[in-house]
There are 2 protein chains.
Amino acid sequence: MASLSKCIGMMDEGIERTIRLIPQLPAVEAKLSRLMLMVSGSLNEELEFELKPYKLNHSEFLTLMFLYSRPDSSSTPGELCEFTKQGATNMTRIGNTLVKRGLVTRGGSDDDRRRVVIRITATGKRLVLKIVPPLFPRLDAMFQGFSDTDKKNLSRLLRKLAHNLDQATGDSDTHIGTMKATK
Amino acid sequence: MASLSKCIGMMDEGIERTIRLIPQLPAVEAKLSRLMLMVSGSLNEELEFELKPYKLNHSEFLTLMFLYSRPDSSSTPGELCEFTKQGATNMTRIGNTLVKRGLVTRGGSDDDRRRVVIRITATGKRLVLKIVPPLFPRLDAMFQGFSDTDKKNLSRLLRKLAHNLDQATGDSDTHIGTMKATK
DNA sequence: ACCTTTTACTTCACCGATGAAATATAAGCT
DNA sequence: AGCTTATATTTCATCGGTGAAGTAAAAGGT
């Protein structure tokens, strides 16, 4: 199994070779976006692996974490979709799964009968408290060797990139539908 | 539809609130990894959108690009899996789809009959040359406002993160199976 | 030379996600 | 008050991905 660094090396070579065939290719930007996708793919992989013993996937975990962090421990499918970049269809499915396990409850909304209120249960909160602390050492290890300045820079650059991604999406919101993110 | 920046704001707030409940949470690192996942989710989304008119998904496109960049325009499913972090099962399916469209051919290997050689066709190359140039303006726009130093720093930090991710994976390769990445 | 182990890829059944359509409800307009 | 449009969520059929098992071939050991 190739390491991520090896894959990145292959990507670098591939883009160098592609420039000879397509000279206008913005190589630096192409490499950066590929890097982003590759690194976050591995991050996602790690997280899915850590969650496996609890029989949760990334989307389910993210949903639980979002509910856990809310002042009243609840949200709606619509809001959850906005935050997690999931489609409504999938949020229904995720909700069903979490309800079935007793990790959340699904109820009506007093002020809008179209809305569903999803609330994390005591069981769900206990699961969160069980899952999260063991993730800390890996999280620390991921950023081993990063100075505070490095972390600040990474944060600034990623937020700037996010801003630019919003810009384009805003410009041409003809393709805004249910935009999805890899979790 | 919430903007990425709004989602990031919600994530920031969520992590700030979660710290009150779990004080040991490494907030900076948690935010950084969340940011990585969120930004690359949007990147992926953009790319999938750009590819849709050509009836290709990200994995298919990546496979074509890899083959296009090779000196002899070919590879094997095994090597493609290593580079794209796909499973062998899925690479068979991707290969089938691309063969069916006449974008690649599938043949035997002279030196190892277990191996399959996948080669991009002239049709496939034409498709690549049709798809790629229109991606450049968006690629440039994504990094609008990034200085050369910014780009170098982002590259350095992402590669360092990749190195750290390899470290942990190497340490405990008990979970190395077919590790997959979000494309 | 033969047997065992490993490797490369494919098939099968299933999982997590999607877009389109349907249903119920609220908002807006006249 | 009634009709139209928009919103929130669910259902349905399908897509892209997975792990386990199977098949064929190569490598390694004796």
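Heavy atoms only: backbone and side chains are in, while hydrogens, waters and symmetry mates are out.
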B/M38 side chain reached by A/F83 side chain, heavy atoms, under 4.5 Å:
yes
Within the distance-only criterion (no hydrogens, no angle test), does the side chain of A/D150 pair as donor or acceptor with the backbone N or O of A/S147 below 3.5 angstrom?
yes
Close side-chain approach of A/T63 and A/M91, heavy atoms under 4.5 Å:
yes
Using heavy-atom distances to pick each residue's nearest nucleotide on DNA chain C, tell me which of A/T97 and A/D111 is more 5'.
A/T97
Counting only side-chain heavy atoms from C-beta out, which of D/dT9, D/dA26, D/dG16 sits nearest to B/N57?
D/dG16
Whole angstrom is fine here: how far is it from CG in B/L51 over to P in D/dC15?
18 Å
Rounded to whole Å, the CG-C1' distance (B/L98 to D/dG16) equals 13 Å
Flag the pair B/V28 / A/F143 as yes when at least one side-chain heavy-atom distance between them is below 4.5 Å, and no otherwise.
no
Between C/dC9, D/dT18, C/dA17, which nucleotide gets closest to the side-chain atoms of B/Q86?
D/dT18
For A/L80 and D/dT9, what is the distance between atoms CG and P respectively, to the nearest whole Å?
9 Å
Base C/dG19 paired with A/T89 side chain (donor-acceptor, <3.5 Å)
yes
Starting from C1' on D/dG17, measure out to CG on B/N44 and report it in whole angstrom.
13 Å
Can you tell me the distance, in whole Å, between the CD atom of B/E48 and the P atom of D/dC15?
15 Å
Atom CD of A/E60 and atom P of C/dC15: how far apart are they, to the nearest Å?
12 Å
Which pair of non-hydrogen atoms, one from A/D111 and one from A/S109, has the smallest distance, and what is that distance?
OD1-OG, 2.9 Å
Can you tell me the distance, in whole Å, between the CE atom of A/M91 and the P atom of C/dG19?
14 Å
Treating primed atoms plus P, OP1 and OP2 as sugar-phosphate and everything else as base, which nucleotides of nucleotides 1-7 of chain D get B, S or - for protein heavy atoms under 4.0 Å?
-----BB
Verify whether one side chain among B/S155 and B/R159 offers a donor that lies under 3.5 Å from an acceptor in the other.
yes
Let's see if you can work this out: which of D/dT9, C/dA26, C/dT11 has an atom nearest to the side-chain heavy atoms of B/N96?
C/dT11
Path from A/L25 to B/I131 over hydrophobic side-chain contacts below 4.5 Å
yes
If you assign B/T76 and A/D112 each to the DNA chain C nucleotide with the nearest heavy atom, which residue ends up on the more 5' nucleotide?
B/T76
In whole angstroms, how far is the P atom of D/dC15 from the CG atom of A/N90?
17 Å
Does D/dT10 have OP1 or OP2 under 4.0 Å away from a side-chain N or O of A/R93?
no
Among C/dT25, D/dA26, D/dT10, find the nucleotide with the atom closest to the side chain of A/R113.
C/dT25
